[in-house]
Amino acid sequence: MIQEDVVCSFCGCLCDDIRVETNDEGIVKAKGACRLGSSKILGHGPGHGRISKPMIRQDGELVEVEYQVAYDRAARILKAAKRPLLYGWASTVCEAHEEGVLLAEEVGAVIDSTATVCHGPSVIGVEEKGLAGATLGQVKNRADLILFWGCNPAEAHPRHMRRYSSNSTGRFTPEGRKGRTVIVIDVRETRTARLADRFIRIDPGTDYQVISALRLILAGKAEILGDEVCGISKGKLVDLVDILKKARFGAIFFGLGLTHSRGRYKNIDCALSLTAELNAHTKFMIMPMRGHYNVAGIGQVMAWEGGYPMSVDYSRGAPYFNPGETAACDLLARREADAALIIAADPASNFPRSIVEALAEIPVIQIDPYENPTTLLADVVIPCAIAGVEVEGTAYRMDGLPLRMRKVIEPVHPSDEEILKEIRESARRLPDDH
Amino acid sequence: MIIKGGVVYDPANGVLGEEMDICIDAGAVAEAAGGPTIDARGMLVLPGGVDAHSHIAGPKLNAGRIMRPDDGRIGTEPRRGLCRPCTGYTVPNSSAIGYRYARMGYTTVFEAATPIIESRHTHEELEAIPILDKGALTLFGSNWTVMECVGEKDLPKLSAYVAWGLRASRGYGVKIVNPGGGEAWGFGSNVKGLHDPVPEFNVTPAEIIHELARANERLCLPHSIHLHFNNLGKPGNYSTAIETLDLLKDIVPSRDRQAVHVTHMQFSAYGGTGWRDFESKAPEIADYYNKNDHATMDMGQIIFGSATTMTADGPLEYANARLLHQKWSNHDIELEESSGVVPLVYIRGSPVNAVQWAIGLELALLTEDPWKVLLTTDNPNGGPFVKYPEVIALLMSHKRREEEMAKLPELLSKRSVIGSIERELGWGEIAVMTRAAPAHVLGLKEKGHLGVGADGDVSIYEIDPREVDPGSDPALVERAFTQAKYTIKAGEVVSRDGEIAGIPQGRTFWTDANVPEEDMARLMASLKEKFEKYYSIQMSNYMVQEAYLSRPVAVRAGVEVAQ
Ligand code: SF4
Ligand SMILES: [Zn+2]
């Protein structure tokens, strides 16, 4: 069978034009998807490290059990914990996120997403300054200048440039790449940089100074600057500001190179300010390059459900948000979390080593279709259907645009949403003083 | 259920302060009913509150929440009883929106603006709001397809697009915000007035408004066009308001209702040439409304204190942010709209804010017919909806207004006429402005009244309108309206003395309008091209899927209904 316009469930581009071919064996083709997307979409079979049965660790070994046994064990762990952490959420649908918030309310947990180790600083920057954004279609139809800062879409979001940004065509951009100026600012010459019209290499950790210099020049205060800013000649920066100002519609995309270098959220604050200030001269927007396909969605769901987009502590019954205190890594670093439910993420691979060690010391429940390094730390392992391939539901693209993920094949396992609901039901049945 | 012996105001049915019983059977008002009895003796009984213009769901709301963790903290309430935890004051979480409206006696609230392509988000949030019945108005004012149909003078095709857009967004009515301005803002400019052509499209705001109004009536939609004027928020803009209203005098409503609803009129009733000589032109606007019958408005009253402005008027928000040195979010939407969010504080010491405060009240007090003026704060643009009781008290009590004016700059008396207005609205007029009129303006036949067959939505307030003189006791009025003794939704008590007692899932109204097949076919050809060349998503992924409305109510409309 052929299914048209399937939404890819790998990266924040959420390409929705994939042609998926299935037969009795499962998915055999994902036409239109990039390398990353097709390996995700095709990687559903048992040969791809799928977990087949729920498991519970007994005497150091994971032993297969029935689902209900795993649900009850998970519920007891969360209920017994003083400071349970519900973490992950980037690679599942919003319907599961909503269940996750309900579970956090039920067991008094801290709920946090992988944003905490990727675009968390961007969120904090937005709290400081707001964000001048747009949907990706605006970029496609209007942008004649694109600036990639500390991101490498050519490798991390392979279809971004063709579909939405530098190489796309639209109403006011009929010439596509030819009619656009593409600039890359990064600490190394990435593939994206090699495709650009202009590459400005900066020293690691100097983003804040460079953006600040651009803002000064834009404000007409170039004379304050010395001849060089962090190794870049002032002339080059003055030129750059000139190019930015002359654009008809400018778009800045930024990635972890900006959020995770020295300065972190201050870098974002500064970049958001630069964007707002450029609007006094021409039209400008800015967008974080969100990684996992629905890491934006968990932020949206948490915001409408509890008021804040990440790192929310429900232990006092009311949502409390204080990143730096209530983020997953903070909690684990302080050895405060005493149980964790990990869903649709692999912190054992992505957290700093000392934080992974903290995670290894506490009971861990994992909900995931696949075995991954986190499985090695887990005490309860619950296999789920692959959201976005075997389960339909909502996901938010990096620009905040929501799409409905399709179910392309029938699942064998329950969905994240069903699993979370069962755990919550089980937790409800436990007495409070458990 | 029987509500016994209350003092009932049901102005849609000519009931003004009669002691009578209200029976609710199977969720609707009935001649007789069994079941529990509520003793409402000595209490004010009204139809459930209806808010026809409030920002309660969707991308703008979340943008506001995410950029304002400070606001989140203000309204924090822990999980308790049936209630999930709450946060926020001007931008509360979805749960809080449902509970707080219900506590005040409101049972139906319409989201004022949803961009078609992001309506999935709007519906996700609407679904997350407990208790209330709701709907969303769909944005059409800067839409490429709309502007092209207007340019081609193809009314049938435009109507087909409106019908399709309402279906795609599962929207209820046609919202127009700063028509043409959203498109111009795509390249950082704006339209300056009604006859200033939209760049690249060669149509004017006047043409967009007029043709959308005609399409609206051709489709016989339950609601009229719902209009946010050009030049909103700018000194001197009252002339744009009157010019726009004049433009719509020839529109013949297809149903028994207005030809145009003007939203948050307060922001469009400004005189002066700048902020220094800024003054109220509410008397001119009210005078216009007193002499003409084709339009209604809602107040857009401001409340001193914190607000979060959010609107599809992107250039307005940019101007706000620059003027007030505030943080600024903007979100432009391909082929359709712009939008922005800016937090701000209305300050008593500011002459401009004081005049804005006066304008909202003047509009309501100088317009003779309360059916033409809905009570709103354009939540949360003028202030949060939880402040409606304060607005009610101000409208019902000259004394309350004088107390407030004493705290405001003296300049106010030169820039507005609020001090000279003696009028005090009565219980019946408040019932019109908060119940009967919003339901009528929206075209919701089963809302806003208590006649047999109406929805069993009732609010009961612990205040005896025969005993209390609101003019001299405004505090009693404000307190009573802040917390209904009972709020009843479809025959179920959902709030009692401020405690949430039931959490039914509300319904979502949308308008399903039919158009002739040949019009739709012509439209599809041009839409297909748009998706192939310009949209960043596929047409088959565009429509809001059925999964997003758990309790939909499709209101039938369309060209056949009109004939
Ligand atoms: S760019 Fe991202 S969303 Fe698109 S096909 Fe590749 S992995 Fe999937
Ligand atoms: Zn509004």
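Each chain gets a letter, A, B and so on, in the order its sequence line appears, and its residues count up from 1. Below, each value reflects all heavy atoms present in this structure, side chains not excepted, and no hydrogens, waters or symmetry copies.
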> Cation over ring, A/Arg248 on B/Phe187, under 6.0 Å and within 45°?
Replying inline: yes

> Which region of B/Glu118, side chain (C-beta onward) or backbone (N, CA, C, O), has a non-hydrogen atom less than 4.5 Å from a non-hydrogen atom of chain A, or is it both or neither?
Replying inline: both

>> For the CD1 atom of B/Ile333 and the CG atom of A/Asp399, what is their distance to the nearest 0.5 Å?
In response: 10.0 Å

> Using a cut-off of under 4.5 Å for heavy-atom pairs, which of B/Gln538, B/Gln545, B/Met67 has the most such pairs with chain A?
Replying inline: B/Gln538

>> Counting heavy-atom pairs closer than 4.5 Å to chain A, which one of B/Glu200, B/Arg68, B/Glu77 comes out on top?
In response: B/Glu200

>> Checking B/Arg79 against A/Glu106 for the salt bridge (Lys or Arg N to Asp or Glu O under 4.0 Å) test, could you report, in this order, the C-alpha distance in whole Å, the side-chain angles of both residues, the deciding distance, and whether it holds?
In response: CA-CA 9 Å; B/Arg79 180 163 115 121; A/Glu106 183 65 36; 3.5 Å; yes

>> Less than 4.5 Å to any heavy atom of chain B: does that hold for the side chain of A/Glu392, its backbone, both, or neither?
In response: neither

> Do B/Asn541 and A/Asp5 have side-chain atoms, one donor and one acceptor, less than 3.5 Å apart?
Replying inline: no

>> Please identify, among A/Leu401, A/Val123, A/Thr394, A/Thr169, the residue contributing the most non-hydrogen atom pairs under 4.5 Å to chain B.
In response: A/Thr394

>> If we define contacts as heavy-atom pairs under 4.5 Å, which of A/Ala134, A/Gly170, A/Ala276, A/Ala318 has the most with chain B?
In response: A/Ala134

>> As an exercise: rank A/Lys129, A/Glu4, A/Lys283 by heavy-atom pairs under 4.5 Å with chain B and give me the winner.
In response: A/Lys283

>> Among residues at least two apart in sequence or on other chains, which ones pass ring-ring contact (aromatic ring centres under 6.0 Å, His included) with A/Tyr293?
In response: none

>> Between A/Phe321, A/Phe249, A/Tyr308, A/Tyr314, who has the most heavy-atom pairs with chain B when the cutoff is under 4.5 Å?
In response: A/Tyr308

> Is any side-chain heavy atom of B/Trp144 less than 4.5 Å from a side-chain heavy atom of A/Asn141?
Replying inline: yes

> If you count heavy-atom pairs under 4.5 Å with chain A, which of B/Asp70, B/Leu61, B/Thr87 comes out on top?
Replying inline: B/Thr87

>> If we define contacts as heavy-atom pairs under 4.5 Å, which of A/Leu14, A/Leu272, A/Leu102, A/Leu136 has the most with chain B?
In response: A/Leu102

> Taking C-beta and beyond as the side chain, do B/Lys327 and A/Ser273 meet within less than 4.5 Å on heavy atoms?
Replying inline: no

> Does any non-hydrogen side-chain atom of A/Val101 lie less than 4.5 Å from one of B/Arg84?
Replying inline: yes

> If you measure from OG1 on A/Thr135 to CD1 on B/Ile117, what distance do you get to the nearest 0.5 Å?
Replying inline: 6.0 Å

>> Given heavy-atom pairs under 4.5 angstrom as the criterion, report whether the side chain, backbone, both or neither of B/Ser94 touches chain A.
In response: both

> Which class fits the ring pair A/Trp304 and B/His121: parallel under 30°, tilted 30 to 60°, perpendicular over 60°?
Replying inline: tilted

>> Let me confirm one number: the CD-CG distance from A/Glu305 to B/Asn93, rounded to the nearest 0.5 Å.
In response: 8.0 Å

> So which of B/Gly188, B/Ala321, B/Gly186 has the largest heavy-atom pair count under 4.5 angstrom toward chain A?
Replying inline: B/Gly186

>> For B/Trp328 and A/Leu131: C-alpha separation, side-chain torsions, deciding distance, then whether side-chain contact (heavy atoms from CB on, under 4.5 Å) applies.
In response: CA-CA 6 Å; B/Trp328 169 56; A/Leu131 179 135; over 6 Å; no

>> If I take atom OH from residue B/Tyr535 and atom CG from residue A/Asp16, how far apart are they, to the nearest 0.5 angstrom?
In response: 13.0 Å

> For B/Pro69, is it the side chain, the backbone, both or neither that has a heavy atom under 4.5 Å from a heavy atom of chain A?
Replying inline: both

>> Shorter than 4.5 Å, heavy atoms on both sides: which option in A/Ala303, A/Gly307, A/Cys94 has the most such pairs with chain B?
In response: A/Ala303

> For A/Arg171, does the CZ atom have more than 12 heavy-atom neighbours from other residues, nucleotides or ligands under 6.0 Å away?
Replying inline: yes

>> Just verifying a value: how many Å separate B/Glu124 CD and A/Gln300 CD, rounded to the nearest 0.5 Å?
In response: 9.0 Å

> Should B/Glu334 and A/Val139 count as side-chain neighbours, where that means a heavy-atom distance under 4.5 Å?
Replying inline: no

> Side chain, backbone, both or neither: which part of B/Leu335 has a non-hydrogen atom closer than 4.5 Å to chain A?
Replying inline: both

> Do B/Pro85 and A/Glu105 have side-chain heavy atoms sitting under 4.5 Å apart?
Replying inline: yes

>> Taking side chain as everything from C-beta outward and backbone as N, CA, C, O, which of these in A/Cys15 sits under 4.5 Å from a heavy atom of chain B? Side chain, backbone, both or neither.
In response: neither

> Do A/Arg404 and B/Tyr548 meet the criterion of a side-chain donor-acceptor pair at a distance under 3.5 Å?
Replying inline: yes

> For chain A, which residues from residues 306-317 of chain B have at least one heavy atom closer than 4.5 Å to it?
Replying inline: none

>> Which atoms of A/Ser168 are under 4.5 Å from chain B, going by heavy atoms: the side chain, the backbone, both sets, or neither?
In response: neither

> What part of B/Ala547 gets closer than 4.5 Å to chain A, counting heavy atoms only: side chain, backbone, both or neither?
Replying inline: side chain

> Could you state the interatomic distance from OH (A/Tyr320) to CZ (B/Arg73), rounded to the nearest 0.5 Å?
Replying inline: 5.0 Å

> Around atom CG of B/Asn202, are there more than 12 heavy atoms of other residues, nucleotides or ligands at under 6.0 Å?
Replying inline: no

